Amino acid sequence: MRVHLIVAHPEEKSFNFALHQIAKQTFNEFGAVVTESNLYAEQFDAVAGSKDVMGFSEPSGFNLAKAQRYALDNGIFCEQIKQEQQNLIACDLLILQFPLWWWSFPAILKGWIDRVLTSGFAYGQGAILAPKKVMYSITTGGAANQDEMAYYKGKIDGLYQDVFGFIGWEIVPPFIAHGVQQKSHKARQLILQDYQSHLNTILRH
């Protein structure tokens, strides 16, 4: 089993990183091949544009999808995109670790989606990337009462379907750590244990 872990949080002392470390530990103990991308540490550029593609020009003006297909056909993506696409080609399961900000991805992770899941590679006619399994591990700022949990779940399900459902990936149930800022150290440790159990359930299926 090959797993690619992406973490999108600016602070390595954060609870997001604690969850990320649990994922690394769990899959390594299972014997999986684990790769990871720490988007903030790697200063991943969130802005898609002409710099992604070397040597592409279009008299009528820049068109991102057209440029992406040209780059894929000619092997001229910039190195950041090439590496991330190779990670996706190699993996069976992708896990995205991030805080839910304004009901969506942090900008750096949305930029990863824009720049890496490119036309002709991940979606569109003749896309070459085979569908994978994908799971979100998310922290929220809200407390965990039943109404808020249902509301967050609906938002997160929408994020799945808007991106990975569209490109036909198998969606693994998410792990959601609610209201971690308000939790005690003991409560956070219990969440980490729950996450490990969640991952072990995935490994058994």
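Here the structure is a predicted model, which is why all the values come from computation and not from measurement. Any value given below was found using the heavy atoms of this structure, including those in side chains, with hydrogens, waters and symmetry copies removed.
- Put simply, the side chain of His9 never gets that close to the backbone of Phe15: no donor and acceptor are under 3.5 Å apart.
- Tracing side-chain contacts under 4.5 Å through hydrophobic residues (I, L, V, M, F, W, Y), one reaches Ile89 starting from Trp112; they form part of the same cluster.
- Tyr40 and Val47 are not part of a single hydrophobic cluster, where members link through side-chain heavy atoms under 4.5 Å apart.
- The side-chain heavy atoms of Gln85 and Thr118, taken from C-beta on, include a pair separated by under 4.5 Å.
- Looking only at side-chain heavy atoms (C-beta outward), Val116 and Phe77 stay at 4.5 Å or farther from each other.
- Grouping Ile, Leu, Val, Met, Phe, Trp and Tyr residues whose side-chain heavy atoms lie under 4.5 Å apart, directly or via other members, places Val7 in a hydrophobic cluster with Phe17.
- With a 6.0 Å radius and a threshold of 12 heavy atoms from other residues, nucleotides or ligands, Glu11 has its CD atom above the threshold.
- Using a distance-only test at 3.5 Å, with no hydrogens or angles considered, a donor-acceptor pair links the side chain of Lys132 to the main chain of Cys91.
- Contact check for Trp169 versus Leu129: side-chain heavy atoms found under the 4.5 Å cut-off.
- Of all heavy-atom pairs spanning Ala177 and Leu19, the tightest one is CB-CD1, 4.4 Å.
- Listed here is the closest heavy atom pair of Ser119 and Leu72: O-CD2, 4.5 Å.
- The line from CD of Gln161 to CD1 of Ile171 is 4.0 Å long, rounded to the nearest 0.5 Å.
- At distances below 3.5 Å, not a single donor-acceptor pair connects side-chain atoms of Gln86 with backbone N or O atoms of Lys82.
- Between Phe98 and Tyr136, the ring planes are perpendicular. Angles over 60° get that label, and only those under 30° would be called parallel.
- Within a 6.0 Å radius of CZ in Arg2, no more than 12 heavy atoms belonging to other residues, nucleotides or ligands are found.
- A continuous path of Ile, Leu, Val, Met, Phe, Trp and Tyr side chains, each step under 4.5 Å between heavy atoms, connects Leu88 with Phe166, placing both in one hydrophobic cluster.
- A pairwise comparison of heavy atoms in Gln80 and Phe44 identifies NE2-CA, 3.3 Å as the closest pair.
- Under the side-chain contact (heavy atoms from CB on, under 4.5 Å) criterion, Gln25 pairs with Ile22, Glu29, Gln196, not counting sequence neighbours.
- Val33 and Val172 fall into different hydrophobic clusters, where Ile, Leu, Val, Met, Phe, Trp and Tyr residues are linked whenever their side-chain heavy atoms come under 4.5 Å apart, directly or through other members.
- Nearest heavy-atom pair, Tyr70 versus Asn74, reported as atom, atom and distance to 0.1 Å: O-ND2, 2.8 Å.
- Using a 4.0 Å cut-off between a side-chain N of Lys or Arg and a carboxylate O of Asp or Glu, Arg69 and Asp73 do not qualify as a salt bridge.
- Other residues, nucleotides and ligands place more than 12 heavy atoms under 6.0 Å from the CZ atom of Phe62.
- The shortest distance between side-chain heavy atoms of Leu203 and Thr26 falls below 4.5 Å.
- Formation of a donor-acceptor pair under 3.5 Å by the Arg115 side chain with backbone atoms of Asp45 is found in this model.
- Once rounded to the nearest 0.5 Å, the distance linking CD1 of Ile95 with CZ of Phe175 reads 11.5 Å.
- Among pairs with a residue in residues 92-102, those fulfilling side chain to side chain donor-acceptor pair (under 3.5 Å) read Asn16-Gln97, Gln97-Ser137, at least two apart in sequence or across chains.
- With contacts defined as side-chain heavy-atom distances shorter than 4.5 Å, the pair Ile81/Phe121 does not qualify.
- Residues Met1 and Leu199 share a hydrophobic cluster, clusters being chains of Ile/Leu/Val/Met/Phe/Trp/Tyr side chains in contact below 4.5 Å.
- Note: Asp114 CG to Leu109 CG = 10.0 Å, rounded to the nearest 0.5 Å.
- Taking OH from Tyr195 and CG from Asn200, the interatomic distance works out to 11.0 Å, rounded to the nearest 0.5 Å.
- The heavy-atom pair separating Met135 from Pro174 by the smallest distance is CG-CA, 4.3 Å.
- Distance check: Leu100 CG to Thr139 OG1 gives 8.0 Å after rounding to the nearest 0.5 Å.
- Across Pro173 and His198, no two heavy atoms sit closer than the pair O-NE2, 3.0 Å.
- From Ser37, atom OG reaches atom CD of Glu84 across 3.5 Å, with rounding to the nearest 0.5 Å.
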